[in-house]
Structures are given as C-alpha cells and as structure tokens.
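Input: a single structure, listed below in structure tokens.
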Amino acid sequence: MDVYQEERLLAILKLLKEQGRVSVRELCDRFGISRDTARRDLVRLDEQGVILRTRGGAILRKLSGEVKSYKERLEAEPAGKREIGRIAAALVRPGEHLIMDASTTVQAAASFLEGEGITVVTNSIDIADILVDREGVTVHLLGGRLHPRHRYVFGSTTVDQLRNYRVDRVFLGAGGVTGEGLFYPSEEDGSVIRETIRCASEVVVLADATKFDKRFFFRVCGWEDVDLLVTDRKPDQALLESICQAGVEVKGWEKE
C-alpha cells in the first residue's frame, strides 16, 4: 500500500467516524479519485475489518473503543493478570536478555521477575521504576517521545534504538486478540511493537481473556510471529484453533 493510499484510508476512516457512512461518489468528489480507486480503498478497509461495504458505499463497523489510560487499566486489572505475570516471569532464566513492552500485564510480570544477570530493555517508565533497584537486573530505558496518558515512550527515536538490540525473548501485551493476530489502536505504539518482535528469538504474548475477540484499527502481527501465549482463560474454539494452527504454545489454563 502506497503512502498516499494509507493517508487516504485514514481520512476515509475519520469521515466515517464523523458521519457513519460514505458513498463511492462522495469519495470520488472529496479526494479526486476514480470510482475504481474508491472501491479499492473500501475493499482494503473491509479486509482490515474496520468497515462494512454496502451497495454504493460503506458504513463503519463497530470497533473496540479507545484504550483506557494506564492508571485506569491498572485500577481495573483482572485478577488473572497477576497469575499471567507470575507464569511469564518464571520462564526467565539467569543471564537472559529481555524486552518488556508497556502493557499492564507485562508490568505484572516485571513485579515477579527475579534472577541473576538479567538485562531488561523497556519503553515503560513504570516497569523501569519497578526493576531499577531489583538485585540481579539491569535496566535499559528506551528514549523517545513520552506518552503522558499511557506512560511509555514511542516514536522514530524509540524504533531506531530498538534496531540495535538482540534479545532472548520479548514480553508483549495486546490491545486486542483475534484469530488474525494482535491489534493495537494506533500505528504509533504498533510500530514499536513490530520492531521489538524483530529483535527477539522468542515472542511471548501476555493477554487476559478481556482482550479476546477485540479488533482495533492497526494489526501488528499474525500468530505466525508469536511463539507463546500466556492467558488466564481458555479462548473460544475458533480463536484457539487459529492460535494452535500457527504453532503457538498456550499456557495459563488447563487444557481439556
């Protein structure tokens, strides 16, 4: 997808949020494009799961809402998050190098993390604060633009720094989890997550059941890029089949 189409798709999505539906004719007039181009744009958005195509246009598909602030997510933390964190932290061996993203579930793993010679790279100021005085753990806090609501750093500086690291495993949260993979509400945080995946020998996703079957605008990766999912409840059969068919191991619930 070229940059012009990408910008146009974002503009179409914004228009749909404002008025609920658009027609092919309206897109042609507004963006100065042909009917074929307008239809291709709508097909692209339909494939991403964000719209429903209609006769002569499209309507907005209901998406998951905006992510709550970091503080709100901590206060609403499901009991299963701590157990997910405990299971994840137990995977870490002495001398390992890790990347830990800025999700509250990954923060739960940080609270349990112990060992000798462990190195943690993170873009979360809260995870860095938890681990900075932890004996046996060395912390590298990434630079970049600070997000005041979600308490992480992001942007091109963050991504550039990540390219210099190679680690044993990465612990990731997720805005939403579907059979298609992991979803985030924006490309800003999604681009950081994509780069962390490239850095790691093993990709571990930590997601409680409230994330199941939630789809946001930006898909970060498919299940083929994930090695292990740690969760607190068995996914429904369709989601579980998608995960297992990609060869992903699942921990945290008792298989029947």
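Just so it is clear, the model here is predicted, and its values are computed rather than measured. The chain is numbered in sequence order, starting from 1. Just so it is clear, the values below take in all heavy atoms, side chains as well, and ignore hydrogens, waters and symmetry mates.
Side-chain atoms of Val121 and Leu98, non-hydrogen and from C-beta on, never get closer than 4.5 Å to each other. Taking 4.5 Å as the limit, every side-chain heavy atom of Phe212 sits out of range of all side-chain heavy atoms of Asp236. By the 4.5 Å heavy-atom criterion applied to side chains, Leu240 and Lys234 are counted as neighbours. Using a 4.5 Å heavy-atom threshold, the side chains of Leu45 and Ile12 count as touching. Taking 4.5 Å as the limit, some side-chain heavy atom of Leu228 sits within range of a side-chain heavy atom of Lys251. Between Leu229 and Ile243, some side-chain heavy-atom pair lies under the 4.5 Å cut-off. Using a 4.5 Å heavy-atom threshold, the side chains of Leu141 and Ile127 count as separate. Looking at Cys199 and Ile99, their side chains come closer than 4.5 Å, going by heavy atoms from C-beta outward.
Across all non-hydrogen atoms, the minimal contact from Leu42 to Ala58 is CD2-CB, 3.9 Å. In plain terms, the two heavy atoms of Ala110 and Ile130 that are nearest each other are O-CG2, 4.0 Å. A pairwise comparison of heavy atoms in Cys221 and Ile197 identifies SG-CD1, 3.8 Å as the closest pair. Summarising the geometry of Thr158 relative to Gly144, their closest heavy-atom pair is OG1-CA, 3.6 Å, with the distance given to 0.1 Å. Considering all non-hydrogen atoms of both residues, Ala207 and Thr231 come closest at O-OG1, 2.7 Å.
Partners of Ala246 under the side chain to side chain contact (heavy atoms under 4.5 Å, CB included) rule, at least two apart in sequence or in another chain, are Trp223, Val248. Asp41 pairs by the side-chain hydrogen bond (donor to acceptor under 3.5 Å, both in side chains) definition with Gln5, Arg8, not counting sequence neighbours. Residues forming a side chain to side chain contact (heavy atoms under 4.5 Å, CB included) with Thr178 (at least two apart in sequence, or on another chain): Glu180, Phe183, Arg215. Partners of Ser23 according to the side chain to side chain contact (heavy atoms under 4.5 Å, CB included) rule, which considers only residues two or more places apart in sequence or in another chain, are Arg25, Glu26. The side-chain hydrogen bond (donor to acceptor under 3.5 Å, both in side chains) check on Gln161 picks up nothing, with sequence neighbours excluded. Residues forming a salt bridge (charged side-chain N to carboxylate O under 4.0 Å, His left out) with Arg86 (at least two apart in sequence, or on another chain): Glu83. For Arg198, the salt bridge (charged side-chain N to carboxylate O under 4.0 Å, His left out) criterion is met by Glu195, not counting sequence neighbours.
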For a quick test of your reading: what N or O donor-acceptor pairs under 3.5 Å do the side chains of residues 165-172 make, sequence neighbours left out?
from	atom 1	to	atom 2	distance (Å)
Arg166	NH1	Arg163	O	3.2
Asp168	OD2	His97	N	2.7
Arg169	NE	Glu96	OE1	3.0
Arg169	NH1	Glu202	OE1	2.5
Arg169	NH2	Leu91	O	3.3
Arg169	NH2	Glu96	OE1	3.3
Arg169	NH2	Glu96	OE2	2.8

Distance-only donor-acceptor pairs under 3.5 Å for side chains of residues 112-119, two or more places apart:
none

Check residues 27-40 and write down every donor-acceptor pair under 3.5 Å in which the side-chain atom is one partner and the other belongs to a residue at least two apart or another chain.
from	atom 1	to	atom 2	distance (Å)
Ser34	OG	Thr37	N	3.1
Ser34	OG	Thr37	OG1	3.0
Asp36	OD1	Arg39	NH1	3.4
Thr37	OG1	Arg40	NH2	3.2

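By the 6.0 Å contact criterion, CD on Glu224 is enclosed, its count of non-hydrogen atoms from other residues, nucleotides or ligands being greater than 12.
Within the model, atoms CE of Met100 and OG1 of Thr105 stand 11.0 Å from one another, a figure rounded to the nearest 0.5 Å. Here the CG atom belonging to Asp232 is positioned 4.5 Å from the CD1 atom belonging to Ile84, to the nearest 0.5 angstrom. Interatomic distance, CG of Leu131 versus CD of Gln107, reported as 9.5 Å (0.5 Å rounding). Between Leu206 atom CG and Ile87 atom CD1 the span is 9.5 Å, to the nearest 0.5 Å.
Side chain of Lys211 to main chain of Gly175: no donor-acceptor pair is present (N/O by atom type, distance under 3.5 Å, no hydrogens or angles). In this structure, the side chain of Asp101 engages the main chain of Gly173 through a donor-acceptor pair within 3.5 Å.
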Evaluate Gln19 against Val22 for side chain to side chain contact (heavy atoms under 4.5 Å, CB included), listing each step before the verdict. CA-CA 8 Å; Gln19 59 189 45; Val22 295; 3.6 Å; yes
Check step by step if side chain to side chain contact (heavy atoms under 4.5 Å, CB included) holds for Arg145 and Thr157. CA-CA 8 Å; Arg145 179 182 171 190; Thr157 300; over 6 Å; no
Take Val203 and Asp225 through the test side chain to side chain contact (heavy atoms under 4.5 Å, CB included) and record every step on the way to the result. CA-CA 7 Å; Val203 176; Asp225 296 314; 5.9 Å; no
Test Val120 against Val137 for side chain to side chain contact (heavy atoms under 4.5 Å, CB included), laying out the working first. CA-CA 7 Å; Val120 175; Val137 180; 4.0 Å; yes
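The stretch residues 126-149 participates, sequence neighbours left out, in these ring pair (Phe, Tyr, Trp, His ring centres under 6.0 Å) pairs: His147-His150, His147-Tyr152, His147-Phe154.
Side chains of Asp208 and Thr210: a donor on one and an acceptor on the other come within 3.5 Å.
Val106 and Val132 fall into different hydrophobic clusters, where Ile, Leu, Val, Met, Phe, Trp and Tyr are joined by side-chain heavy atoms under 4.5 Å apart, directly or via other members.
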